[in-house]
Amino acid sequence: MRFDILTLFPGMITTPLQESILGKAIQKGLIEIRATNIRDFSEDKHRTVDDTPYGGGQGMVMKVEPIARAIEGIKSQSPSARTVSLTPQGKPFDQQRARSLSSEPHLILLCGRYEGVDERVRELFVDEEISIGDYILTGGELAAMVVIDAVARVLPGVLGSERSAEEDSFSNSLLEYPQYTRPYDFRGNRVPDVLLSGNHGAISLWRRKEALKRTWMRRPDLLAKAGLTEEDRELLEQIRQEHGQRT
Ligand code: 4FV
């Protein structure tokens, strides 16, 4: 899978993504990441990429021409590439979107700066707008890296063999159950004995109940789209009894 990132700060992208799992995925040729400086597509001697907003107002707006040239340059080589703009106005990003984007062979990720990008970029070149959350960043670069990380890790072969993205939290829309490792006893705080019982049925039941309890307490909004089984509903009833009705 190929990721082209259009940014004014390519250095923010390349170095961090060479590390760890994504770095190995690049070495294994599972993903290809190329950061392109939008300023390389400005044509005036001052290499201008932004200008004041029509209608007045604070800050600067990124100009359409350099971005248009950058996208058209890539699309001329790869017409099927999907162009995604990272913006607070975008559709909230989630695991489901990460999984569906992982079927795209080539993504172009546009990173805004300043007050944003000229609206005609969206109208003429953007296939999809994505937001990573309801807060304002100084630029779209970190958002692009979040998308690259979440999409790449569901690609076959990116996560080591010992780990498949299918077991993820959110893949079944529930929060993850608590995890423990050695030592068994830390300052008197012990690991739940069921996890050392070797009884895999009891262990997976405990984990399912813990995942349901955690989701019910922290993200009840997720329960609605979790596809609960009859057993899940019985476990939830137990949890409610044990923890008192929530509003
Ligand atoms: C953002 C977000 C985000 C807005 C102004 C870049 C900044 C600046 N992108 N999810 N939240 N972008 O805050 O994706 O241009």
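This one's a predicted model, so the numbers in the text were calculated from it and none came from an experiment. All ligand and atom numbering here is 1-based and tracks the order in the structure.
- A donor-acceptor contact under 3.5 angstrom links the side chains of T87 and Q89, judged on distance only.
- Side chain of T48 to backbone of D50: no donor-acceptor contact under 3.5 angstrom is found.
- Looking at Q238 and E234, their side chains never bring a donor and an acceptor atom within 3.5 Å of each other.
- Within 4.0 Å of ligand 1, protein heavy atoms belong to L86, T87, P88, G112, R113, Y114, G116, I130, S131, I132, G133, Y135, I136, L137, G139, G140, A143, listed by chain and number.
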Would you please test L17 and I31 for side-chain contact (heavy atoms from CB on, under 4.5 Å) and show each step? CA-CA 11 Å; L17 291 177; I31 60 173; over 6 Å; no

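- R69 places a side-chain N or O within 3.5 Å of a backbone atom of F41 that can act as its donor or acceptor partner.
- There is no side-chain donor-acceptor pair under 3.5 Å between S42 and R39.
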